[in-house]
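What follows is one structure encoded as structure tokens, with my remarks underneath.
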Protein chains: 2
Amino acid sequence: MIEQIASIPLFKGLPKEQLHDLVNISVEQVFRRGDSIFCEGDEGKGFYVVVSGRVKIFKLSTEGKEQILHILGPGETFGEVAVFAGRHFPAFAETLEASKTFFFPRNSFIALIQKEPSLALNMLAILSSRLRQFAQLVESLSLKEVPGRLAAYLLYLSEQRQGSSDLELDISKGQLASVLGTIPETLSRILARMTAQKLIQVNASQIKIVNRQGLEDLAETGKL
Amino acid sequence: MIEQIASIPLFKGLPKEQLHDLVNISVEQVFRRGDSIFCEGDEGKGFYVVVSGRVKIFKLSTEGKEQILHILGPGETFGEVAVFAGRHFPAFAETLEASKTFFFPRNSFIALIQKEPSLALNMLAILSSRLRQFAQLVESLSLKEVPGRLAAYLLYLSEQRQGSSDLELDISKGQLASVLGTIPETLSRILARMTAQKLIQVNASQIKIVNRQGLEDLAETGKL
DNA sequence: CGTGGCCTTGATAAAGTTCAAGAGCCGTGG
DNA sequence: CCACGGCTCTTGAACTTTATCAAGGCCACG
């Protein structure tokens with residue numbers, strides 16, 4: 001367990017002693033696929049780290065449409081906002097698959113921060129990079145149309161995979177639609193169009209980038 | 001100057017000694033209306049606090065459409081993301097009116113944080129509440145249509161003003177359109193429709209809420 | 001009094017959503 | 001082993017919302 005904690009980016013560089021403190025205050029939680037972890041508006045008494053599995057953070061409209069804000073994997077944290085500002089969670093959290101998390105209670109964690117400034121700096125880095133992601137998401141949603149967003153997403157995926165052109169979607173197309181701020185029907189049509197234009201090839205959840213330059217232009221200009 | 005610094009929320013609760021340190025590392029900057037403070041992609045060697053005036057943070061599409069991410073007034077900070085994650089600014093910053101800022105260089109500030117945990121906690125609170133705002137913005141952009149966003153914005157304004165129904169827009173309608181993720185023409189039409197429906201009355205930058213319940217329904221359901 | 005900025009209004013076109021129907025896939029159970 | 005029900009995904013057609021293009025009004029300021 002101590003190695004698991006030590007491998008979490010948030011806790012990188014902490015002395016052994018503090019890691020032990022963390023182990024002491026952390027609570028392990030196990031979820032099945034599709035379980036709700038918390039709901040928007042719930043009181044947040046602490047935050048979470050994904051140990052295994054995947055978790056989606058999302059907003060819900062009154063009609064039930066969902067907008068995914070993040071998809072988190074092992075080592076990533078969520079729910080910190082409720083720890084440092086306000087007391088309730090600003091969105092929903094649900095597992096995409098069977099998952100394990102560590103939960104860190106608010107007060108104990110804040111006490112720890114006061115002893116260990118580098119923990120605070122790590123947390124600041126994480127929140128900052130999340131703000132950066134959000135800025136990109138907002139830009140994408142309001143400044144680009146769906147084909148541009150999809151192209152940008154595919155290129156991003158490719159980067160994650162060391163530039164490989166053979167991509168495997170690790171989420172369903174319905175979920176992807178929600179990430180892109182649209183609905184499955186629209187995504188389906190645009191994938192079809194991009195295939196017709198020979199930008200990509202699609203085979204179920206396998207997507208191959210055929211014309212990278214074309215995708216880059218599309219992500220830039222938004223015109224398909 | 002020391003009183004000015006002491007009155008900034010980020011520095012609330014700091015001992016005098018640290019406030020003096022802050023004065024020593026801060027740089028005062030003066031801008032005229034419409035000046036650019038930094039551009040997306042610029043290297044960020046520190047962050048800013050608005051002393052007087054107002055600053056908008058925004059993204060730009062390739063065609064020139066702008067999406068405002070924040071509008072900041074006295075006491076609010078911006079540019080921190082570049083301090084703690086990455087090194088370049090994720091968006092543009094420009095003054096809306098003649099403004100004064102304090103600039104805090106990255107390294108000196110990080111050094112200070114390590115001495116003063118409550119400074120770190122303040123900063124964490126600020127970043128967290130900004131994340132919360134972003135989550136709301138994303139929700140708004142992807143889940144609601146423009147009338148719903150506008151209704152939500154007006155109600156938010158009303159809240160800011162202790163629930164008053166007589167609102168004074170402190171930004172131009174063109175800027176408001178950009179905040180709402182749309183264009184001036186669309187905003188104009190929707191204001192006209194909402195007036196026709198007797199939800200509001202508009203007189204230049206004066207907006208009066210006539211039917212609060214109706215606005216709330218609209219913000220909730222998005223149907224005008 | 002004219003000029004430029006900001007706002008409004010109208011006509012048109014594009015993009016996306018909704019509704020409806022059908023195809024493919026998979027696990028379960030007969 | 002096959003049939004069934006339940007998913008997810010795809011496709012089509014109508015409709016809605018919003019952007020775009022173009023023109024005109026209002027007001028402040030020189």
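Note that this is a predicted model, so its numbers are computed, not measured. FYI, side chains are in, hydrogens and waters are out, and symmetry mates aren't considered; it's all heavy atoms of this structure. Below, read A as the first sequence line, B as the second, and so on, with proteins coming before strands; counting in each chain starts at 1.
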Task: Test item: side-chain donor near acceptor, B/E168 and B/S205, under 3.5 Å - done: yes
Which donor-acceptor pairs under 3.5 Å do side chains of residues 72-88 of chain B form with protein atoms, sequence neighbours excluded?
from  : atom 1 : to     : atom 2 : distance (Å)
B/E76 : OE1    : B/G73  : N      : 2.7
B/T77 : OG1    : B/E80  : OE2    : 2.5
B/E80 : OE1    : B/R130 : NH1    : 3.1
B/E80 : OE2    : B/R130 : NH1    : 2.8
B/H88 : NE2    : A/R132 : NH1    : 3.3

- [ ] Figure out the CG/C1' separation between A/L176 and D/dT8, and round it to whole Å.
- [x] 14 Å
Let me have the donor-acceptor pairs involving side chains of residues 195-202 of chain B, under 3.5 Å, with sequence neighbours excluded, atom names and distances please.
from   : atom 1 : to     : atom 2 : distance (Å)
B/T195 : OG1    : B/L191 : O      : 2.8

Task: d(CD, B/Q67; C1', D/dT18) in whole Å - done: 15 Å
Open item on the list: For a quick check, with a 4.0 angstrom heavy-atom cut-off, what is the B/S/- contact string for nucleotides 3-16 of chain C, read 5' to 3'?
Closed with: ----SBBBB---SS
Open item on the list: Can you see whether B/R212 engages B/S158 through a side-chain donor-acceptor pair at a distance of less than 3.5 angstrom?
Closed with: yes
TODO: For the residue pair A/Y156 and A/Y153, categorise the inter-ring angle as parallel (less than 30°), tilted (30 to 60°) or perpendicular (more than 60°).
DONE: tilted
- [ ] Rounded to the nearest angstrom, tell me the gap between atom CG in A/N203 and atom P in C/dG24.
- [x] 14 Å
Task: Nearest-Å distance for atom pair CD/P, residues A/Q206 and C/dC25 - done: 14 Å
TODO: List the protein contact pattern of nucleotides 25-30 of chain D with one symbol per nucleotide (5' to 3'): B for base contact, S for sugar-phosphate-only contact, - for none; contact means a heavy-atom distance under 4.0 Å.
DONE: ------
Task: Parallel, tilted or perpendicular, as decided by the 30° and 60° cut-offs, for the rings of B/F47 and B/F109 - done: perpendicular
- [ ] Please identify each residue that fulfils salt bridge (charged side-chain N to carboxylate O under 4.0 Å, His left out) with B/K65, with sequence neighbours left out.
- [x] none
Task: Contacts of B/E145 that satisfy salt bridge (charged side-chain N to carboxylate O under 4.0 Å, His left out) - sequence neighbours left out - done: none
